[in-house]
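Written out below as structure tokens is the structure these notes cover.
Letters A, B, ... mirror the listed sequences (proteins, then strands); counts begin at 1.
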There are 2 protein chains.
Amino acid sequence: MSMENSMSKNALNKSASTWAPVRANSVANQIVEQVREALFAGNFQTGDMLGSEKDLAEQFDVSRITVRDALRTLETMGIVEIKVGAGGGARIAEGNLDHFSDALAIQFKLSGVTEFEILDMQVAIECKAAELATLNRTPENLEELREILEEAEGLLDDPTGFTQAGQRFHLAVVEASGNRALIAQFKALRHVVWPQNARRANRGIAEHAQKVHQKLYTMIDKGDHEAARKLMVAHLESIRAVAFPENGKEVASGPICC
Amino acid sequence: MSMENSMSKNALNKSASTWAPVRANSVANQIVEQVREALFAGNFQTGDMLGSEKDLAEQFDVSRITVRDALRTLETMGIVEIKVGAGGGARIAEGNLDHFSDALAIQFKLSGVTEFEILDMQVAIECKAAELATLNRTPENLEELREILEEAEGLLDDPTGFTQAGQRFHLAVVEASGNRALIAQFKALRHVVWPQNARRANRGIAEHAQKVHQKLYTMIDKGDHEAARKLMVAHLESIRAVAFPENGKEVASGPICC
DNA sequence: AATGTTTTAATTGTTATATCATTATATGAA
DNA sequence: TTCATATAATGATATAACAATTAAAACATT
């Protein structure tokens, strides 16, 4: 669609009647709101061209600076994508579910949400995912799970390698759920709780984890959703027990993986 | 802390050796990255002053516009808060867990994630929350749940009112979990799936929901976490059955509440 | 005709300068 | 003390200019 459908020249009312705070009512923010509302109203599709800064400045009858402010905000929100050069400009961005994991991490950080709280959330996500995986898994999902298990089998004595394989197994399970909301959320949480310093698994822990993962695979393959959920609960609780060895409220040096 | 600890005048290297795309390497984005990294490195606390546009322009030896670009991005990310007037400027923002629900909604919208997928996620969140609520609920939580139940009792013949009370009950349960990650996520999802057009409950449905809610309250009060979880699962599945009457893949006019 | 190279135009990035609106604070009067 | 007013700090917006980059068009070569 073209901008003219939802926005006309001089469409902005500078002398708004309400006495809202300045910053919320700035011309730049009004432009942001218009685009945002148009998006949620279904007037925009991914790839739709908004125009160049110059175009938009003319359309809204404001300066380039103001348009830039609005575009910077829209860009950070992940709504528009900006390209430099001839034929460039702002257009409606593709959805990128990884995008909001940043926002999540930032707000968790600023709000002081604990690793303990996040871990509980992760349990909720993974258990539901395991359940759904038994219903929605594709042959490709199963194949990937098998491949990861095989690879992990050869890494039982390589703590770092096995840890990484274990993390990939968990991700593959969530992906097998076929639920993009769960997948995105899981990735975001992983980004928050597993910065890079996951504890390493020694041979004993690795062997145990491998057994559990294999059992999980079997259940997902068979389609036993209640059993898969219960096993995942137990598995994650045992991981938590190692990660938070005290009575559950103390933070250890970092959660182990797999 | 002061900016000098992590940033010095002329700290930006315009002639970076890597051939990254311009937009990612722009001076404004470099400033954003510096602030962001300083935040995650623990060099910033909520309320720390970054300075005014003029200050920052001098510190980084760039123009005000460039600083504005960076601040607009940081503001949209929820990292800084900007105040106009004497003594104003940019400072590290308080965490606001509602902030990321916007990001979530936008990316779900752009990615075409279905209501069905989101509902599954909501089930995962609420069930875990019900479980935790039995362990962590405070006397205040219980009191609020009782109040909502009483109020709902008088609204059995007021579909709109009962629906709202039901939604508040569900939120109160999640809040009783004491897990801020779950609470924030629940609010975000509610914002996505329940825009405003929730279906209304007739007397029969309302009476049934009220009974279930009362039973949930009893279990949360008693501390029976497994029972609470199971009841919540059943409750949400029945809601889903009404919201998605077909075989589960068809979207009805909107999910009912309570 | 196909392909590689150069030129050109469009577009964002950045700077500089000014003006206006808003806000907090200082100042002073009642 | 309390209230009103003046003042200074600050962001919001506008205008103009140049730099850096990119895509497309024009051109040359094979």
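- Between the CZ atom of B:F60 and the C1' atom of C:dT14 there is a distance of 16 Å, rounded to whole Å.
- Using a 4.0 Å cut-off between a side-chain N of Lys or Arg and a carboxylate O of Asp or Glu, A:D69 and B:R68 qualify as a salt bridge.
- When rounded to the nearest whole Å, the span between CG of B:D61 and C1' of C:dG13 equals 16 Å.
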List the atom pairs, donor and acceptor, that lie under 3.5 Å between side-chain atoms in residues 141-148 of chain A and the rest of the protein, sequence neighbours left out.
unit_1, atom_1, unit_2, atom_2, d
A:N141, OD1, A:T138, N, 2.9
A:N141, OD1, A:T138, OG1, 3.0
A:R146, NH1, A:Y217, OH, 2.6

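- At C:dT15, one or more side-chain N or O atoms of B:T66 fall inside 4.0 Å of OP1 or OP2 (strictly under the cut-off).
- Using modelled atom types, no side-chain atom of B:T66 and backbone atom of B:V62 make a donor-acceptor pair closer than 3.5 Å.
- If you take CD1 of A:I65 and C1' of C:dT12, they are 12 Å apart, rounded to a whole angstrom.
- Note that the two end axes of the helix from C:dA1-D:dT30 to C:dA30-D:dT1 enclose an angle of 10°, each drawn from 5 base pairs, rounded to 10 degrees.
- For residues 175-185 of chain A, the set of pairs meeting the side chain to side chain donor-acceptor pair (under 3.5 Å) definition, not counting sequence neighbours, comprises A:R180-B:E117, A:Q185-B:Q185.
- The interatomic distance linking B:L56 (CG) with D:dG11 (C1') rounds to 13 Å, in whole Å.
- Proximity note for B:S63 (side chain, C-beta onward) versus C:dG13, D:dG11, C:dA16: the nearest is C:dA16.
- At the phosphate of D:dG11, neither OP1 nor OP2 sits under 4.0 Å from any side-chain N or O atom of B:R72.
- Across the protein-nucleic acid pair, A:R91 atom CZ and C:dT12 atom P stand 11 Å apart, rounded to whole Å.
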Between protein and nucleotides 6-11 of chain C, what N or O pairs are separated by less than 3.5 Å?
unit_1, atom_1, unit_2, atom_2, d
C:dA10, N3, A:A86, N, 3.4
C:dT11, O4', A:G85, O, 3.0

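- Atom pair B:N29:CG and C:dT14:C1' shows a separation of 13 Å (rounding to whole Å applied).
- Following rounding to the nearest Å, A:L71 (CG) and C:dT12 (P) show an atom-to-atom distance of 8 Å.
- Contact check, B:R64 against D:dT10: no side-chain N or O comes under 4.0 Å of OP1 or OP2.
- No donor-acceptor pair under 3.5 Å is formed between the side chain of B:N136 and the backbone N or O of B:A133.
- Between A:R68 atom CZ and C:dT14 atom P the separation is 7 Å, expressed in whole Å.
- Taking A:R137 as the reference, nothing meets the salt bridge (charged side-chain N to carboxylate O under 4.0 Å, His left out) condition, with sequence neighbours excluded.
- When each of B:L171, B:V174, B:V173 is tested with B:E126 by the rule side chain to side chain contact (heavy atoms under 4.5 Å, CB included), just one qualifies, namely B:V174.
- A donor-acceptor contact shorter than 3.5 Å is absent between the side chain of A:E53 and the backbone of A:R64.
- Here B:F108 pairs with nothing under the ring pair (Phe, Tyr, Trp, His ring centres under 6.0 Å) rule; sequence neighbours left out.
- For B:V27, the side-chain atoms get nearest to C:dT14 when compared with the rest of D:dT13, C:dG13, C:dT14.
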